[in-house]
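The structure appears right after this line, and notes come after that.
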Amino acid sequence: MSHLTIEGGKPLYGTYPVSGAKNSVLPILAACLAVDGTCVLHNSPALSDVDAAADILKAEGAVVTRAGQDLTVDASAAAPAELREDLAHKMRSSVVFLGAMLARFHKAVLAFPGGCELGPRPIDLHLAGLRRLGADITEGYGLLNCRAPGGLTGADIALSFPSVGATENLMIAASLAKGVTTIRGAAREPEILELAAFLNAAGGVISGAGEDVITIHGVQRLHGCEAVIGPDRIETATMLSAVAAAGGRVLLKGAQPDRLSVVLPYFTAMGVRLTDTPQGLLAERTGDLHAPPFCRTMPYPGFPTDAMPPLMAAATVAKGTALFEENIFACRYKQVPELCRMGADIQCSGRLCVVKGVTRLTGCPVTATDLRGGGALCVAALCADGTTVISDIHHIERGYEYFDDKLRGLGALVRKD
Ligand code: UD1
């Protein structure tokens with residue numbers, strides 16, 4: 001198993017290119033399966049989750065090729081194939097392929113996704129929505145058997161929680177359904193806007209993305225198109241946390257501040273000066289690091305749950321006490337015992353975590369337990385005295401592209417073995 005060795009305590013200087021967003025490219029790859037033609041996705045990050053999505057597409061008969069940061073998907077000759085455990089469990093969000101499979105093939109068999117390292121991952125909202133579109137779904141022997149013999153039919157769907165994945169699944173499915181679909185209580189994340197733009201470029205008719213109510217007029221066929229995957233806002237927030245913790249001055253090339261309007265004030269309050277430049281976001285730690293304001297994770301436009309663990313890592317070395325409240329996932333604090341091994345002072349109780357800033361962290365062997373928790377350990381390691389060895393970095397490689405290379409580009413002493 002690979003690990004990252006980081007010699008910390010060195011401020012970061014230079015330019016860090018922000019990659020295309022994992023959470024944008026994954027649903028768009030799922031949508032490609034609903035397209036009868038060739039799609040080119042520019043700025044697609046090379047991540048293990050993206051490889052897993054490509055494997056699913058290939059299993060369904062699509063041709064997927066990569067040239068640099070361009071992914072080409074030709075699903076013209078796609079044909080239904082069962083997604084058993086080996087493929088479905090490689091990628092956390094494989095359920096987002098269900099809508100595309102049902103829309104295109106009128107049937108789908110998918111291994112039940114089950115839980116993940118952040119806790120149980122129910123898919124009731126996905127299934128209820130697809131049932132509203134006319135799918136007949138039975139569950140048994142760990143498999144979801146889905147059928148819509150006459151195709152899907154548009155419907156009025158209300159989500160009791162603005163699930164990102166369920167909104168995406170239903171947008172894809174409804175794009176090829178007969179008639180009009182309305183999704184009320186929809187997720188509003190920037191990734192929803194990117195998926196809608198992609199589907200519209202492919203001939204779909206979607207309005208309201210980014211708002212509570214999304215309307216989808218079904219079309220008979222989606223055609224090939226091109227899309228540019230936008231910058232990863234969670235990678236950006238992770239690197240802002242790294243600059244806060246380790247100090248320095250970094251240009252986050254390509255970062256889009258408007259995707260982070262709730263997040264950025266946390267860093268300015270901590271003492272990171274932020275300047276919007278034509279090339280991206282310039283971040284500079286100007287003096288002492290102060291504890292961030294109360295951080296409560298919420299659906300967009302609230303503070304993103306994925307940006308919380310890296311921010312918490314920075315808060316461990318800030319002056320003062322920080323309070324965190326996690327409202328999206330049951331097990332989002334798994335990095336806390338690892339941060340405490342490095343000398344952090346953190347107390348957790350249920351959804352709440354209290355972080356009392358310490359003057360320094362000390363490097364030691366730690367284990368990444370999930371993707372963003374792994375990002376948090378990297379932030380901690382970059383500011384810690386001495387050497388931190390992070391194991392189980394396959395979690396980190398799900399969502400941070402060429403991370404060791406990009407950190408070395410900032411002068412960090414990072415080695416991957
Ligand atoms: C997406 C992101 C993930 C991010 C999350 C929240 C991708 C690939 N992943 O995940 O990085 O952390 O949004 O911003 O885009 N829920 C249900 N029933 C459902 C679906 C969800 O109860 O049918 C619950 C989940 O258990 C969780 C909450 O809703 O507690 C949020 O989940 P959701 O918004 O669906 O997140 P994902 O799409 O899985």
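All of these numbers come straight from a predicted model, not from anything done at the bench. First listed ligand is number 1; within each ligand, the first listed atom is number 1.
- Annotation for Arg273: atom CZ does not count as buried by contact number, only 12 or fewer foreign heavy atoms lying within 6.0 Å.
- Of the N and O atoms on the side chains of Glu235 and Tyr16, at least one donor lies less than 3.5 Å from an acceptor on the other residue.
- On a distance-only criterion, Leu125 and ligand 1 share at least one N/O pair closer than 3.5 Å.
- For the ligand labelled ligand 1, residue His126 lies inside the 4.0 Å heavy-atom shell.
- The closest approach between any non-hydrogen atom of Pro122 and ligand 1 is below 4.0 Å.
- In this structure, atom 15 (O) of ligand 1 lies nearest to the protein heavy atom Asn23 CG, 3.2 Å.
- Which parts of ligand 1 touch Ile123 is read off a 4.0 Å heavy-atom cut-off, strictly below it: atoms 19 (C), 23 (O).
- Given atom 1 (C) of ligand 1, the protein heavy atom at minimum distance is Val164 CB, 4.0 Å.
- Within a 6.0 Å sphere centred on CZ of Arg131, heavy atoms belonging to other residues, nucleotides or ligands number more than 12.
- Note that atom 8 (C) of ligand 1 has protein non-hydrogen atoms nearby, at separations under 4.0 angstrom.
- The two residues Ala245 and Val379 come nearest to each other via the heavy atoms CB-CG1, 3.9 Å.
- In terms of polar-atom proximity, Ser163 is counted as a contact of ligand 1, with an N or O under 3.5 Å from an N or O of the ligand.
- Remark: ligand 1 atoms within the under-4.0 Å shell around heavy atoms of Phe161 are 28 (C), 29 (O), 31 (C).
- The closest side-chain donor-acceptor pair between Glu325 and Thr297, if any, does not fall under 3.5 angstrom.
- Heavy atoms of other residues, nucleotides or ligands lying less than 6.0 angstrom from CZ of Arg408 number more than 12.
- Between Arg221 and Asp36, the shortest heavy-atom contact is NH2-O, 2.9 Å.
- On a distance-only criterion, Ser93 and ligand 1 share no N/O pair closer than 3.5 Å.
- For the atom pair SG of Cys353 and CZ of Arg332, the computed distance is 12.5 Å after rounding to the nearest 0.5 Å.
- The shortest contact between atom 36 (O) of ligand 1 and any protein heavy atom is with Phe329 CZ, 4.3 Å.
- Rounded to the nearest 0.5 Å, atoms OH (Tyr400) and CG (Asp232) are 8.0 Å apart.
- Taking a cut-off of under 4.0 Å to the non-hydrogen atoms of Gly165, the atoms of ligand 1 that pass are 35 (O), 38 (O).
- For atom 18 (N) of ligand 1, the choice among Leu26, Asp124, Val25 with the nearest heavy atom turns out to be Asp124.
- For atom 27 (C) of ligand 1, the nearest non-hydrogen atom from the set Asn327, Thr305, Ile328 belongs to Ile328.
- For Glu139, the CD atom counts as densely surrounded, since its 6.0 Å shell holds more than 12 non-hydrogen atoms of other residues, nucleotides or ligands.
- In terms of protein heavy-atom proximity, atom 37 (P) of ligand 1 is closest to Arg121 NH2, 3.9 Å.
- In summary, the atoms of ligand 1 found under 4.0 Å from a heavy atom of Asp306, numbered by their order in the structure, are 3 (C), 4 (C), 11 (O), 12 (O).
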